[in-house]
Asker: 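Okay, handing you the structure first.
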Amino acid sequence: MISLGRVVKWLAQHAQSLGVEVYSGFAATEVLYDEQDRVIGIATGDMGVARDGRPTSAFAPGVELCGKYTVFAEGARGHLGRELIQHFSLAEGRDPVSFSIGLKEVWEVDPSHAKPGLVVHTAGWPMQDDAFGGGFLYQMEDNRLSVGFVIGLDYGNPWLSPFEEFQRWKTHPAIRAHLEGGRRIAYGARAINNGLPGSLPKTVVPGGALVGCDAGYLNAARIKGSHAAIKTGMLAAEAAHQALAEGRSHDVLAAYPAAFENSWLAKELQASRNFKLWFKRGNAIGTVMTCVEQWLLPGLGIRTPPWTLRNPHPDHLSLRRADACEPIAYPKPDGRLSFDRPSSVYQSGVHHEDNQPVHLKMHKDGVPVEVNQRVFAGPESRYCPAGVYEFLKDEAGESRRQINAQNCIHCKTCDIKDPTQNIVWTAPQGGDGPGYDSM
Ligand code: SF4
């Protein structure tokens, strides 16, 4: 059991020792194309831009980083990956993508509770039957453990709060027993793909490729995607290496998707392709059919189920009207096992320079109050794990939505779940964001 954040740092050192240059502290904000519409690299964002969009005395323009091939590996719902998918219509004919939100904490526990290597996976409680959820607890060394809860973003009740469900989940006796007497040292959240092979877009464009969760590679049944990210990164790298050896540049790395189709990863993802889609039909059906597909059929020598389910619609369309749903009363945090959002955000180590343009953009200004609040009771004030969105009344009694962008922990959930797709997540200035040191 290890911290993925630390693995990534270790990998970076290893890459640097081989001569790779790693630039941290800069976000890629723009895809660069040439006149033939081939990807030729990325541009980083400008630094030192004030909240009103004007340059400050610290202004420094972004830089262009160009290459013969550009590989995009931004994680789920990457903001440049999303642009590439739209620009080149990579998802044409594919099912809509399906996402979950994962919330996680790292704890330092009482040494008497430490059992390094222990894995606990849960499903169901405290979720109601119309929403998918499951938890994990991994015991690491040094008396540390990570706990987390994952909720499908196709839930329908706008009163649901993934953050509060996670806090409630920790109070279950089977989880509480590991945490009692310990202290929380880190918090974070991130949207995750649900690993539907039927939703995978084309992964190559002239001069570029999508890998890992940026494309949507994940095995939801096994609750893991890091192995898929590493494998697809390797396959793209091998294709690029071969192309460079042949003196090519800026063309389509067709060898990468071909190698994926012949890989163990493609077989593995096909074997669990229906996992999330069964749970869309209820926890009982999901549990039974997972047993059938993951244990019964393989026991009979059938590794891949002979049927394929389809994802009917994107997650944001599953939200129901608030007045047609039961409000959910969540228990108050006790400050020992369960916490509120402000103290959690503090533990994410998030930092954003105050004087910069708001990085959460709106297509239309009136929608937050007219649709989000009036029809759906402001679901972003509940699904955002960092309390970024608040509905307030001004002096005239008019509602308005306030965006506390400095709290954003870059989970991308608002970009996915907003009912009218009015919110667009863009990269803030420089390397601003959460500081996930031990996550
Ligand atoms: S504002 Fe959006 S991206 Fe940022 S933490 Fe909230 S839901 Fe996640």
Side-chain angles (χ1 to χ4, degrees), residues 27-29 45 51 74-83 97 99-105 148-155 158-167 186-193 213-214 314-316 318-319 339-354 356-363 365 367-368 372-373 376-392 400-436 439:
T29 58
R51 201 171 176 84
E74 309 164 282
R77 192 71 157 202
H79 60 289
L80 299 184
R82 186 183 54 179
E83 181 198 316
V97 186
F99 294 93
S100 294
I101 176 173
L103 303 106
K104 180 171 155 184
E105 294 174 353
F149 200 74
V150 176
I151 292 177
L153 284 177
D154 53 356
Y155 67 82
W159 300 103
L160 187 149
S161 162
F163 177 85
E164 304 291 354
E165 297 290 349
F166 173 39
Q167 298 306 315
Y187 165 77
R190 186 69 171 87
I192 313 166
N193 298 293
C213 286
D214 216 352
D315 296 327
H316 68 275
S318 57
L319 216 50
F339 304 97
D340 60 13
R341 256 175 268 215
S343 67
S344 302
V345 171
Y346 176 75
Q347 292 221 318
S348 72
V350 69
H351 171 77
H352 291 94
E353 170 67 46
D354 271 348
Q356 66 173 297
V358 172
H359 68 279
L360 299 148
K361 312 282 185 203
M362 301 299 129
H363 288 306
D365 285 341
V367 172
N372 290 31
Q373 192 188 29
F376 299 105
E380 59 270 52
S381 63
R382 286 175 288 279
Y383 66 60
C384 172
V388 169
Y389 300 100
E390 284 183 285
F391 285 89
L392 306 171
R400 69 180 175 87
R401 184 174 72 185
Q402 177 167 295
I403 300 179
N404 306 309
Q406 71 281 3
N407 286 355
C408 175
I409 54 175
H410 299 193
C411 75
K412 313 285 180 75
T413 302
C414 52
D415 193 290
I416 296 163
K417 189 65 177 169
D418 185 58
T420 62
Q421 295 292 275
N422 191 42
I423 302 174
V424 180
W425 189 95
T426 64
Q429 184 172 276
D432 287 0
Y436 290 152
M439 294 290 277

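Only this structure's heavy atoms are used, side chains among them; waters, hydrogens and symmetry mates stay out. Just follow the structure's listing: the first ligand is 1, and inside any ligand the first atom is 1. Since the model is a prediction, treat every value here as computed from it, not as a measurement.
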Asker: Does NZ or CZ of Lys417 fall inside the cone over Tyr155's six-membered ring, less than 6.0 Å from its centre and within 45° of the axis?
Answerer: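 Checked: cation-pi criterion met.
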Asker: Taking His79 for its side chain and Ala28 for its backbone only, find out whether a donor-acceptor pair lies under 3.5 Å.
Answerer: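 At least one qualifying donor-acceptor pair exists.
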Asker: Specify the protein heavy atom at minimum distance from atom 5 (S) of ligand 1: its residue, its atom name, and the distance to 0.1 Å.
Answerer: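 Its nearest protein heavy-atom neighbour is Ile409 N, 3.4 Å.
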Asker: Checking Asn193 side chain against Phe99 main chain: does a donor-acceptor pair fall under 3.5 Å?
Answerer: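 Pair absent, no side-chain N/O of Asn193 close to backbone of Phe99.
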Asker: List the steps and the verdict of salt bridge (charged side-chain N to carboxylate O under 4.0 Å, His left out) for Glu380 and Arg401.
Answerer: CA-CA 10 Å; Glu380 59 270 52; Arg401 184 174 72 185; 2.4 Å; yes
Asker: Is the backbone N or O of His359 less than 3.5 Å from a side-chain atom of Thr426, with the two atoms forming a donor-acceptor pair by type?
Answerer: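 Checking the backbone N and O of His359 against the side chain of Thr426, a donor-acceptor pair under 3.5 Å is found.
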Asker: Please check this pair: side chain of Asp214 against backbone of Glu74, looking for a donor-acceptor N/O pair closer than 3.5 Å.
Answerer: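 It does hold such a pair.
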Asker: Sort by chain and number the protein N/O/S atoms that are closer than 2.8 Å to atom 2 (Fe) of ligand 1, and list them.
Answerer: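 Atoms qualifying: Cys414 SG.
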